[in-house]
Asks: 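Questions regarding the structure given below will be posed in turn.
Everything numeric in this text was worked out from a predicted model, so none of it was measured.
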Amino acid sequence: MNSINDVWKSVLVRLGKQLSETTIETWFDEVEVITMEDSAFVLHCSNSFKKSTIEARFMRHIKEALKDIFSTDLEVKILNDEQLSAYHGVAPDRPSSLFDSAAFTFGTYVVGPSNKLAYAAAKAVAEKPAENYNPLFIYGDSGLGKTHLLYAIGNQVQTKFPAARIVYIKGDEFTNELVNAIREGKNADFREKYRQADLLLVDDIQFIAGKQQTQEEFFHTFNTLYESKKQIVLTSDRPPREMTQLEDRLRTRFEWGLMVDVAPPDFETRLAIIKTKAALIGVQLPDEITGYIAENVTANVRQIEGTLNKILAYRDLLGDKVDDQAVSRAVRDMLQKSNEYVPSPQVIISYICKYFNLEPDMLRGQSRGRELVNGRQIAMYLIRRMTNLSLVDIGKEFGGRDHTTVLHSLDKVEKQMRSDPAFAEVVKEITTNINSKR
């Protein structure tokens with residue numbers, strides 16, 4: 001071999017016999033060889049996510065390939081930018097990226113009918129920030145890829161516009177930062193951080209609802225950025241109209257741009273997600289196994305990832321083969337862990353009637369008795385929180401009531417849970433008992 005680079009090429013060829021081409025392209029495309037000294041093979045990878053993944057999952061493969069080449073054991077070191085800088089005695093050429101993750105790009109986002117519009121809107125925003133959809137509001141249940149889209153937007157904007165000031169924050173963290181800023185007298189620094197951003201990405205914006213000072217601060221931040229033609233992207237577990245504790249002035253602003261939802265993936269999309277995720281973590285699965293996972297793990301993408309990670313753990317930690325038995329065990333463990341029981345409206349109504357000693361027909365009817373109204377509102381609240389029914393469908397369960405009546409019930413229950421700990425415990429107990437019926 002003529003050079004250290006030739007050695008690395010030979011290592012990659014040997015890795016190709018054990019790992020898929022997609023796996024190698026995904027994880028090793030940013031790796032470069034530095035030197036081989038003192039029985040150590042030294043590599044460099046700027047991408048911290050890829051670096052940690054290689055160290056955790058593929059280091060054994062690299063060492064085996066090197067031993068095959070040199071007939072001796074070599075240590076393998078992977079340097080980050082700071083370590084490389086120290087090695088050369090100069091500053092690194094490329095700064096670390098805020099969204100430095102191969103796992104969260106548009107290229108790794110699997111598109112299907114349930115998320116096609118959200119994906120297209122996110123790409124449009126990343127291509128031309130603040131020109132098309134501002135704000136972009138993405139909503140849907142947990143684990144369906146909303147955060148993935150946020151990071152994909154951040155990744156692409158940072159690549160296309162390196163000087164752009166990008167701020168990512170979760171809704172509850174925004175509140176925590178505001179509280180700390182007030183306590184430490186750093187309000188000006190807090191406002192500068194958010195109001196000077198070129199791209200503001202807020203995950204789980206629903207957590208600011210009901211917090212008066214947080215909403216006040218975010219209102220002015222939103223206005224400043226919007227008027228300055230800066231892009232705002234928000235995610236939530238529900239659309240603005242269903243955030244009963246959100247101020248009207250914020251609700252209307254969240255609806256100014258484009259609202260798109262992400263729904264649970266269908267079978268074909270789940271199948272594609274499984275194959276993509278498996279390739280990313282270096283697992284090769286036969287079609288019958290990917291089909292089995294797609295048929296049984298249906299709730300969200302996070303469940304799929306958890307199942308694949310469990311399979312990987314069986315293989316790497318226990319030395320188990322990836323066969324039908326191992327996959328069945330991983331699926332079973334994940335479903336038990338996630339507790340993805342979705343009760344029907346009938347089950348919820350039936351239990352509430354037993355709890356409050358009410359008749360189901362009267363609960364669904366028009367009677368305005370205090371106990372009936374209380375039970376009916378709790379039932380509407382739990383159906384909304386524990387099922388995928390829309391406001392309109394919930395109203396149909398209760399004698400065709402319109403969605404504004406359902407919204408009023410949600411609002412009433414949420415307010416009473418905050419102000420009355422005993423009432424909150426009742427709702428919690430009912431929820432726990434319904435879940436235990438599965």
Asks: Would you mind reporting whether Met59 and Ile78 have side-chain heavy atoms less than 4.5 Å apart?
Replies: yes
Asks: For the backbone of Val347 and the side chain of Ser344, can you confirm whether one donor and one acceptor N or O come within less than 3.5 Å of each other?
Replies: yes
Asks: Considering non-hydrogen atoms only, spot the tightest contact between Val157 and Pro129 and give its length.
Replies: CG2-CG, 4.2 Å
Asks: What is the distance from atom OH of Tyr109 to atom NZ of Lys123, rounded to the nearest 0.5 Å?
Replies: 13.0 Å
Asks: Verify whether one side chain among Glu127 and Gln156 offers a donor that lies under 3.5 Å from an acceptor in the other.
Replies: yes
Asks: Is it true that atom NZ of Lys211 has more than 12 heavy atoms of other residues, nucleotides or ligands lying nearer than 6.0 Å?
Replies: yes
Asks: How long is the span from the CG atom in Asp248 to the CZ atom in Arg253, to the nearest 0.5 Å?
Replies: 11.0 Å
Asks: Under a 3.5 Å distance rule, please check whether Gln215 uses its side chain to pair with a backbone N or O of Glu247 as donor and acceptor.
Replies: yes
Asks: For residues Val125 and Asn132, determine if any side-chain heavy atom of one lies less than 4.5 Å from a side-chain heavy atom of the other.
Replies: no
Asks: Around atom NZ of Lys170, are there more than 12 heavy atoms from other residues, nucleotides or ligands closer than 6.0 Å?
Replies: yes
Asks: What pairs with Phe106 under ring-ring contact (aromatic ring centres under 6.0 Å, His included), at least two apart in sequence or on another chain?
Replies: Tyr119
Asks: Examine the side chains of Asp402 and Thr405 and answer whether a donor and an acceptor come within less than 3.5 Å of each other.
Replies: yes
Asks: Side chains of Asn155 and Thr105: donor-acceptor distance under 3.5 Å anywhere?
Replies: no
Asks: Going from NZ on Lys354 to CD1 on Ile352, what distance comes out if it is rounded to the nearest 0.5 angstrom?
Replies: 12.5 Å
Asks: Got more than 12 heavy atoms from elsewhere within 6.0 Å of CD, Glu359?
Replies: no
Asks: Is there a side-chain contact between Ile349 and Phe398, using heavy atoms and a 4.5 Å cut-off?
Replies: yes
Asks: Can you establish whether the number of heavy atoms outside Gln212 located under 6.0 Å from its atom CD is more than 12?
Replies: no
Asks: Going by the rule salt bridge (charged side-chain N to carboxylate O under 4.0 Å, His left out), which residues pair with Lys116 if we only count those two or more places apart in sequence or in a different chain?
Replies: none
Asks: At what distance, to the nearest 0.5 angstrom, does OG1 of Thr221 lie from OH of Tyr194?
Replies: 9.0 Å
Asks: Look up atom CG in Leu363 and atom CG in Asn374, then write down how far apart they are to the nearest 0.5 Å.
Replies: 10.0 Å
Asks: Kindly compute the distance separating CG (Leu144) from OG1 (Thr235), expressed to the nearest 0.5 Å.
Replies: 11.5 Å
Asks: For the residue pair Pro113 and Thr269, what are the closest heavy atoms and their distance?
Replies: CD-OG1, 3.6 Å
Asks: With sequence neighbours left out, what residues match Glu177 under salt bridge (charged side-chain N to carboxylate O under 4.0 Å, His left out)?
Replies: Lys193
Asks: With a sphere of 6.0 Å drawn around NZ of Lys160, does it hold more than 12 non-hydrogen atoms of other residues, nucleotides or ligands?
Replies: yes
Asks: Evaluate side-chain contact (heavy atoms from CB on, under 4.5 Å) for Lys17 paired with His61, printing each intermediate quantity in order.
Replies: CA-CA 10 Å; Lys17 297 176 181 179; His61 298 84; over 6 Å; no
Asks: Nearest heavy-atom pair of Leu225 and Leu200: which atoms, and what distance?
Replies: CD1-CD2, 3.6 Å
Asks: Quick one: does Leu43's side chain get under 4.5 Å of Phe28's, heavy atoms only?
Replies: no
Asks: Quick check: closest heavy atoms across Ala121 and Leu258, and the distance to 0.1 Å?
Replies: CB-CD2, 3.7 Å
Asks: Would you say Asp411's side chain and Leu407's backbone share a donor-acceptor pair under 3.5 angstrom?
Replies: no
Asks: Between Phe58 and Leu19, is the side-chain contact (heavy atoms from CB on, under 4.5 Å) condition met? List the steps.
Replies: CA-CA 9 Å; Phe58 305 118; Leu19 306 172; 3.8 Å; yes
Asks: Going by the ring-ring contact (aromatic ring centres under 6.0 Å, His included) test, name the single residue among Phe218, Phe207, Phe222, Tyr168 that passes it with Phe174.
Replies: Phe218
Asks: Begin with the C-alpha distance, continue with both residues' side-chain angles, and end with the deciding distance and a verdict on side-chain contact (heavy atoms from CB on, under 4.5 Å) for Met380 and Glu397.
Replies: CA-CA 9 Å; Met380 290 181 179; Glu397 292 288 336; over 6 Å; no
Asks: Flag the pair Arg195 / Lys230 as yes when at least one side-chain heavy-atom distance between them is below 4.5 Å, and no otherwise.
Replies: no
Asks: Flag the pair Arg376 / Val373 as yes when at least one side-chain heavy-atom distance between them is below 4.5 Å, and no otherwise.
Replies: yes
Asks: With distance as the sole criterion, is a donor-acceptor pair present between the side chains of Asp198 and Gln231 under 3.5 Å?
Replies: no
Asks: Heavy atoms only: give me the nearest Ala294-Phe267 pair and the separation to one decimal.
Replies: CB-CE1, 3.5 Å
Asks: Please determine which of Glu414, Gln416, Met417, Arg385 meets the side chain to side chain contact (heavy atoms under 4.5 Å, CB included) test together with Val427.
Replies: Met417
Asks: Is a salt bridge present between Glu255 and Arg251, judged by a nitrogen-to-oxygen distance below 4.0 Å?
Replies: no
Asks: Can you see which heavy atom on Leu372 is nearest to which on Ser367, and at what distance?
Replies: CD1-OG, 3.1 Å
Asks: Could you walk me through whether Glu55 and Lys51 pass the salt bridge (Lys or Arg N to Asp or Glu O under 4.0 Å) check?
Replies: CA-CA 6 Å; Glu55 289 171 336; Lys51 176 180 178 293; 2.9 Å; yes
Asks: So do Glu217 and Gln213 actually touch side chain to side chain, heavy atoms under 4.5 Å?
Replies: no
Asks: Looking at Asp237, Asp172, Leu234, which one forms a side chain to side chain contact (heavy atoms under 4.5 Å, CB included) with Gln206?
Replies: Asp237
Asks: Side-chain contact test, heavy atoms from C-beta onward, threshold under 4.5 Å: evaluate it for Asn115 versus Leu149 and give yes or no.
Replies: no
Asks: Can Ile383 and Val406 be said to form a side-chain contact (heavy atoms from CB on, under 4.5 Å), step by step?
Replies: CA-CA 10 Å; Ile383 291 173; Val406 179; over 6 Å; no
